[in-house]
Every structure is written in structure tokens, then in C-alpha cells.
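Each remark here refers to the structure printed beneath this line.
Atoms within each ligand, like the ligands themselves, are counted from 1 in listed order.
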Amino acid sequence: MKELNDLLDKLKSNGYKITEQRKAILKALVSNNNNLITVEKLLSESKKNYHKTNMTTIYRNIEILEKLDLIHKVINEEGTSLYKLSCSINHHHHHIICLKCGKTEAIDFCPLKDIEQLLNDKDFCLTDHKFELYGYCKECKNSENKKD
Ligand SMILES: [Zn+2]
Ligand SMILES: [Zn+2]
Ligand SMILES: [Zn+2]
């Protein structure tokens, strides 16, 4: 997980000013840790830190954070964009995502290495791929069982 101060430093060193709204958004992302959240949730959480935060600022900051590789975006099956801070793992990796609460865990393993080799044999160069795993976290699995 990234700390707020690291994020602020990174923004500052890239020439971005630290405004109250920006800080409120970053704080909300840090406190959500590895949970994926929607922009609506990010807005309501950010507002708790600074009540003047608005949707336009949320979108503008997401754009900046994406450009600096500080945020990870996942589009769920309904087509909704979900966000969380990038993991501290700096190399290529994957995630398991809880379908119910959006909690994620990093999977420090790429199953597509063999496919890459296969494609090389076919004179195709693989430049990018996205691969996300979905399921239920322990808490959500337990709460499902209780309902039955
Ligand atoms: Zn990650
Ligand atoms: Zn869950
Ligand atoms: Zn991979």
C-alpha cells in the first residue's frame, strides 16, 4: 500500500499543486487501501475529508493519477469503472477481485508467460494483456453462507 506522503511527493515532483480537494481524494484512496471503489463512492468518501470536493475534480485527479501510474482501474462486468491505488509491487502482476465488496489481493504471478512464448513462435509479439480473477473474499463468502 502507498502512503499519503509518498503520493503527495510524487505529485509535487511532477509539478502538480497539492490542493485541499486533491488531498481529500488521495486520503480517501489511501483509506480504501486495496478495495476497488466507484467514482461515486470516491466522491462521497472524499467529501468526508473536504466537503467542497466535486465530481469534476474527481475525474481530473483520476486522469492525473492514471498518467502517473498511481491508480489501478478495473472495468467490471456491468461496465462500471472501479479504482484503487496501484500496488507497491513494481513489476507486472495480476489481481483477484471480490465481486461483492471490491477487495483485491495482488497475485504476484503471470500465467500468460507460456502463451507469450507460443506467440513468439508464431512471429507475433505480445505487447500488453489484462487478466483479472474474480471471486469472493472470506468475509463475503461467510456472510453469504449465513443467509442460507
Ligand atoms: Zn496490483
Ligand atoms: Zn468481499
Ligand atoms: Zn500477466
Discussion item. I'd like to know if the side chain of H93 reaches the main chain of H91, judged simply by a donor and an acceptor atom lying under 3.5 Å from each other, with no hydrogens or angles considered.
Written reply: yes

Worksheet item: Do L4 and L85 sit in the same hydrophobic cluster, where Ile, Leu, Val, Met, Phe, Trp and Tyr count as joined when their side-chain heavy atoms come under 4.5 Å apart?
Response: yes

Worksheet item: Counting only heavy atoms not in E63, do more than 12 sit closer than 6.0 Å to its CD atom?
Response: no

Worksheet item: Do the side chain of N54 and the main chain of T56 share a donor and acceptor less than 3.5 angstrom apart?
Response: yes

Item to complete: Please report the closest heavy-atom contact between I96 and G135, naming both atoms and the distance.
Response: CD1-N, 4.1 Å

Worksheet item: If you look at every heavy atom in I25 and S46, which pair is closest and at what distance?
Response: CA-OG, 3.4 Å

Worksheet item: To the nearest 10°, what's the angle at the Zn ion (ligand 3) between atoms NE2 (H129) and SG (C110)?
Response: 110°

Worksheet item: Using a distance threshold of 2.8 Å, what protein N/O/S atoms lie below it relative to the Zn ion (ligand 1)?
Response: C87 SG, H93 NE2, H95 NE2

Worksheet item: Would a hydrophobic clustering, with Ile, Leu, Val, Met, Phe, Trp and Tyr connected at side-chain separations under 4.5 Å, put I58 with L36?
Response: no

Fill in: Closer than 2.8 Å to the Zn ion (ligand 2) - protein N, O or S atoms, ordered by chain and residue number
C98 SG, C101 SG, C137 SG, C140 SG

Fill in: Aromatic plane relationship, H129 with H94 - under 30° parallel, 30 to 60° tilted, over 60° perpendicular
parallel

Item to complete: Give a yes or no on whether the backbone of D9 and the side-chain of S13 come within a donor-acceptor separation of less than 3.5 Å.
Response: yes

Worksheet item: With a cut-off of 6.0 Å (strictly less than), are more than 12 heavy atoms of other residues, nucleotides or ligands near CD of E105?
Response: no

